[in-house]
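As structure tokens, the structure follows; a few thoughts come after it.
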Amino acid sequence: MEYNFRDIEKKWQQKWVEEQTYKVVEDKNKPKFYVLNMFPYPSGAGLHVGHPLGYIASDIYARYKRLQGFNVLNPMGYDAYGLPAEQYAIQTGQHPEKTTFQNIDRYREQLDKIGFCFDWDREVRTCAPEYYHWTQWAFQKMFNSFFCLKEQKAMPIEKLIQRFETKGTQSDDGGTVQVACTEELNFTAEEWNSWDEKKKSDVLMNYRIAFMGETMVNWCAGLGTVLANDEVVDGVSVRGGFPVEQKKMRQWCLRVSAYAQRLLDGLETIQWSDSIKETQKNWIGRSEGTEVQFKIADSDESFTIFTTRADTMFGVTFMVLAPESELVEKVTTAEQKAAVEDYIKYVKGRTERERMIDHKVTGVFSGSYAINPFTGEKNPIWISEYVLAGYGTGAIMAVPAHDSRDYAFAKHFNLPIIPLIEGADVSEESYDAKEGIVTNSPRKDVKPYIDFSLNGLTVKEAIAATKKYVKEAGIGRVKVNYRLRDAIFSRQRYWGEPFPVYYKNGIPTMIPEECLPIELPEVDKFLPTETGEPPLGNATVWAWDEANKKIVENTKIDNKTVFPIELYTMPGFAGSSAYYLRYMDPHNNQALVSEEADKYWQNVDLYVGGSEHATGHLIYSRFWNKFLFDLGVSCKEEPFQKLINQGMIQGRSNFVYRIKDTNTFVTLEKKDQYDVTPIHVDVNIVSADVLDVEAFKAWRPEYNNAEFVLNDEGKYVCGWAVEKMSKSMFNVVNPDMIVEKFGADTLRLYEMFLGPVEQSKPWDTNGIDGCHRFLKKLWKFMTNEDGTINATEGAASKEELKALHTLIKKVTADIEVFSYNTSIAAFMVCLNELTKLKSTSREVKEALTILLAPFCPHLAEELWHLLGKNTTVCDAPWPAFNEDYLKEDSVKMMVAFNGKARFQLEFPADVTKEDAEKAALANPQSAKWMEGFTVAKVIVVPGKMINIVLKK
RNA sequence: GCGCUUGUGGCGGAAUUGGUAGACGCGCCAGACUUAGGAUCUGGUAUCUCCGAUGUGCAGGUUCGAGUCCUGUCAGGCGCACCA
């Protein structure tokens, strides 16, 4: 009987559903293992063969762990909120929920065909009210929390209010409270207590973890919304590619920056690739430096700069302020006013994109000077766009000799350059390296301004010495800065989680926790309102009746008992930040996750997904989880213990070559004889690079009458190239088609056989035959002509057991390190061996079936069934490896001369080094190689080789 | 510019601690069964001047021995990008 994958796969997929084979319940008697894939956004295009790669890899691991006796959680769900569905809604009027659900159904249909062991009872959708209930809940918790820098954790805002009521912002040790904030404020308890509700609310926003802030945001007019930093690339939106500009707006934000240090420290405790860790480290951007105060000459004012090169204080020749800095106004003199205003105007006219693409050297002199506290010199204060308002203090001291940007500025505006490191040549470029011996600090030809010298120290020593001096002199302090910015958390869109917030006399107020979730209201239009409000402004039932605790019609708004509700919605990352916790306990309507479920499942042991989420999702969800950890909701500080980044599957495009100005196409071999234009051709009508000429004619009307110049064999051969898999390249391969033609087990096998999971590689359907052939051969090996299993009882032969245990060893080791391609190769070798041995041992065939189960679950179930088992193969015990079967009676060793291998000798397995050496030297074949040489020494590597070192 | 990462046949890719480079698969070649096949089976397939020599991007080094370790360099991919 043939290997009938269609019937087998259909049958077992049905059985798995009927028998709830993949339903998982907490079981304290078994160790847990949590496998998770990054859940997909269900796009309208459906899945192509690249999408399931990670799912297959994790599915194999999940099944393997289950066979090893673990209780495995392997859930799947949908990141259902997103811009494409909403853009489609705007164009067609179709409710985004409708398109989203259609797409989800399509995804599910495609996923089901591949035979994953997902527990679909635990499915989550971010757009379901019972799910976003907990997104809204977490937001409210963040609103009601502040971050204590001393304890490095979130705490209830009430504690901070109490402190303000009794001591204002004063801390116990007399300084200012160490609390993460937008802006450092100082006020007394009296002041605080005298303020009205509105003022208090405004002040608290400075400290809340979810807060409303007036910040520079990435405004995308094309999408009508603000975007987070990771949603903007090269000054355009990731979705849609619309230009993005900087704009000051009042938005909800999350104080992610408060967690910067913990986000950095946590990286040390998790098993992620170095590249992702490195990317996150860069994104967090910790930099240890010094803040130094500079007095403004002829004024009582002073300002603070941040530097990591405190050792260069003696080389400062000018100061630079960011154009947006509040200091600009203070330092601009009357004579320079017009010039400065012109310059500010110019900077404002530059878009983010322009500033990013060309780094022009521009700037203007403010007219004022700052007094260098180390040299006493008056350094001119300039204003330039190369200094960023959002980092440090928005002001720098410029040391052109040792900073390339300052150098470029100094050269352009003809400012002095003073080298401070022995031997540094700064005539052509700055010397940026942080190494060398400090000199000119202070310069020998000038009278020292202060009693302090760095001369003769290394850069490192000089930095430390300066830090110490600055601190003692009271002109600065040691400071750690992070590049990580707070996340903008509101979007001016419809298709997202609504904020559970209403505005009571202008004060953002939380809707009571027991009233959650606040469901997304219906609107008749998905565009902004005519008055420019976000789409939720179109909702007619969107007001909060405070007394009756319910949502009512907008017409009832009186701002006494009924108030307007927030019109913004949450961004995409809101729903995807804690979904992994929800899978643990998806139907709980009392809590995000019960304590028992959280204690049992802990965190994700293996997380699989693309590396493109390195600075988005993977930062936000770590932040979100750390917050929930502080709350005691999550028992683990890091959500994802081990991370595997699956590579991208690229497309393999095919080309035909049209002779210019004709409708004649020439085969690859002869294309150089003509003037041709390459044209993408649908890969689905090309097989092994040979074009199906008739299918090509039928493909498009303009090719109906196409003519062809064929090769000598009468074939049309196409060219090919590796490109991104996309519709426009006609290289999209659909998994359904592969499943239909070869079966899900072949697809699973081939996707893994293609190469290492973490590596990007092109998809080439041509190679799939090899994997399909393997399964056919396996079927033939396992079964008789009549479809019954071909197995006999009794002891298996030594050779059979050797082949089997070689496989067990290899597969077990390979799965642990996700090297699936090599384990599949081992399967092929083993099958060949067993076929040659005409093995019929039941013992061997049972073990083989279990080993196969993670890779090809349908076929394994069928074989398991044929072997007379009436349980699922998923619960079989993983075969134990026995080293004894691999032991050899004899051992072959290579004899080499000066490292060059020459011939092989066979010895008894327990041969000693000395005997092997003797035998090699005495062997007649050796004589030939040793002629004219003497033996210097002999190196014996047991079981591998005998290297005889010769010299003249 | 900085950080990470990858360079091995016609192609995808294998190679424990340094120990016979090219496993496995595709493709290709030859043969078998077939009047037929995009079916199945068997054998072959790095290069050359084919005794033998040369071969893992390139140039050096360490070593009895290097794809693997070290130094330099080139090329591709990804990420960040005026972060003081």
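Heavy atoms only: backbone and side chains are in, while hydrogens, waters and symmetry mates are out. Each chain gets a letter, A, B and so on, in the order its sequence line appears, and its residues count up from 1.
Distance noted for atom C1' between B:G67 and B:C51: 28 Å (whole Å). Distance check on atom P: B:U68 versus B:G9 gives 15 Å, rounded to whole Å. The separation of B:G57 from B:G7, taken at their C1' atoms, amounts to 6 Å, rounded to a whole angstrom. B:G25 and B:A14 have their P atoms separated by 15 Å, with the value rounded to a whole Å. Atom name C1', nucleotides B:G13 and B:G27: the rounded distance is 14 Å, in whole Å. Comparing B:C26 with B:U45, their P atoms are spaced 16 Å from each other, to the whole Å. Here the separation of B:A75 from B:C58, taken at their C1' atoms, is 10 Å to the nearest Å. Using atom P as the reference point in both B:G38 and B:C48, the two lie 30 Å apart (nearest Å).
Using a 4.0 Å heavy-atom distance criterion, A:Asp764 is classed as making no nucleic acid contact. Using a 4.0 Å heavy-atom criterion, one finds that A:Val938 contacts no nucleic acid atom at all. Across all strands, A:Arg652 comes closer than 4.0 Å to no nucleic acid atom at all (heavy-atom distances). Residue contacts for A:Glu612: at a heavy-atom cut-off of 4.0 Å it reaches no nucleic acid atom on any strand shown. Counting any heavy atom pair closer than 4.0 Å across all strands shown, A:Leu754 reaches sugar-phosphate atoms only and no base atom. Among the heavy atoms of the strands lying under 4.0 Å from A:Met828 are primed sugar atoms or P, OP1, OP2 only; no base atom is included.
For the pair A:Arg622 and A:Trp272, the distance from NZ or CZ to the six-membered ring centre is under 6.0 Å and the angle to the ring normal is within 45 degrees.
Base orientation of B:G65: anti (glycosidic angle beyond 90° from 0).
The partner of B:A66 cannot be assigned: no Watson-Crick or G-U wobble pair with both contacts below 3.5 Å exists in any strand. Pairing for B:U47 goes to B:A53, judged as Watson-Crick or G-U wobble with the two contacts each under 3.5 Å. Nucleotide B:A23 is matched to nothing when pairs are restricted to Watson-Crick or G-U wobble geometry with both distances under 3.5 angstrom. Across all strands shown, B:A30 pairs with B:U42; the Watson-Crick or G-U wobble distances both stay below 3.5 Å. The pairing partner recorded for B:U71 is B:A59, the criterion being a Watson-Crick or G-U wobble arrangement whose two distances lie under 3.5 angstrom. Pairing of B:G3, defined by two Watson-Crick or G-U wobble distances under 3.5 Å, is identified with B:C78.
At the phosphate of B:G3, neither OP1 nor OP2 sits under 4.0 Å from any side-chain N or O atom of A:Lys281. At B:A84, one or more side-chain N or O atoms of A:Ser287 fall inside 4.0 Å of OP1 or OP2 (strictly under the cut-off). Taking side-chain N and O atoms only, A:Arg773 has a distance below 4.0 Å to OP1 or OP2 of B:C26. The shortest distance between the side-chain N/O atoms of A:Gln904 and the OP1/OP2 oxygens of B:U20 is not below 4.0 Å. Of the side-chain N and O atoms in A:Asn821, one or more sit less than 4.0 angstrom from OP1 or OP2 of B:A14. Contact annotation: A:Tyr391 side-chain N/O to B:A84 OP1/OP2 distance is under 4.0 Å. Look at A:Lys937 and you'll find a side-chain N or O under 4.0 angstrom from OP1 or OP2 of B:C64.
Between A:Met894 atom CE and B:C64 atom P there is a gap of 21 Å when expressed in whole angstrom units. Rounded to an integer number of Å, the gap from CD1 of A:Ile768 to P of B:G27 is 12 Å. For the pair A:Lys724 NZ and B:C78 P, the computed distance is 11 Å after rounding to whole Å. Summarising the geometry, the separation between CZ on A:Phe774 and P on B:G12 is reported as 23 Å, rounded to the nearest angstrom. Here the C1' atom of nucleotide B:G3 and the CZ atom of A:Arg286 are 18 Å apart, to the nearest Å. Taking atom CH2 of residue A:Trp283 and atom C1' of nucleotide B:C4, one finds them 16 Å apart after rounding to whole Å. Atom P of nucleotide B:A84 and atom CD1 of A:Ile381 are separated by 21 Å, given to the nearest angstrom. One interatomic measurement links the two molecules: CG of A:Leu749 to C1' of B:C26, which rounds to 14 Å at whole-angstrom precision.
Interface remark: the A:Lys810 side chain does not form any donor-acceptor pair with the B:U16 base, using a distance-only criterion of under 3.5 Å.
Of the candidate nucleotides B:G13, B:C24, B:A15, B:G13 has the atom nearest to the side chain of A:Lys761. Comparing B:C24, B:A84, B:G19 by their nearest atom to the side chain of A:Val941 picks out B:G19. For A:Asn832, taking side-chain heavy atoms from C-beta onward, the closest of the listed nucleotides B:A84, B:G25, B:A81 is B:G25. Of the candidate nucleotides B:C4, B:C64, B:U17, B:C4 has the atom lying nearest to any side-chain atom of A:Glu278. Residue A:Asp274 places its side chain closer to B:C4 than to any other of B:G19, B:C64, B:C4. Ranking B:G13, B:C24, B:A84 by closeness to the A:Pro756 side chain, first place goes to B:G13. The listed nucleotides are B:G25, B:C4, B:C82; the one nearest the side chain of A:Ser275 is B:C4. Minimum atom distance to the side chain of A:Lys776 is reached by B:U40, of the listed B:U40, B:U20, B:U54.
Residues A:Ser430 and A:Asp403 bring no donor and acceptor atom of their side chains to less than 3.5 Å of each other. Donor-acceptor pairing under 3.5 Å is lacking for the side chains of A:Tyr3 and A:Thr746.
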Please lay out, stage by stage, how A:Trp720 and A:Val683 fare under the test side-chain contact (heavy atoms from CB on, under 4.5 Å). CA-CA 10 Å; A:Trp720 62 275; A:Val683 293; over 6 Å; no

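Ring centers of A:Tyr343 and A:Tyr346: under 6.0 Å apart, within the cut-off.
Note on A:Arg6 versus A:Glu740: salt bridge recorded, some NZ/NE/NH1/NH2 to OD/OE distance being below 4.0 Å. Note on A:Glu385 versus A:Lys360: no salt bridge recorded, every NZ/NE/NH1/NH2 to OD/OE distance being 4.0 Å or above.
The number of heavy atoms from other shown groups lying within 6.0 Å of NZ (A:Lys802) does not exceed 12.
Both A:Trp929 and A:Phe753 sit near RNA chain B, but only A:Phe753 has its closest nucleotide nearer the 5' end. A residue-by-residue look at A:Lys928 and A:Thr307 shows that A:Lys928 has its nearest nucleotide of RNA chain B further toward the 5' end.
Between the side chain of A:Ser926 and the backbone N or O of A:Ala920, at least one donor-acceptor pair lies under 3.5 Å.
With values rounded to the nearest 0.5 angstrom, A:Thr308 atom OG1 is found 10.5 Å from A:Glu288 atom CD.
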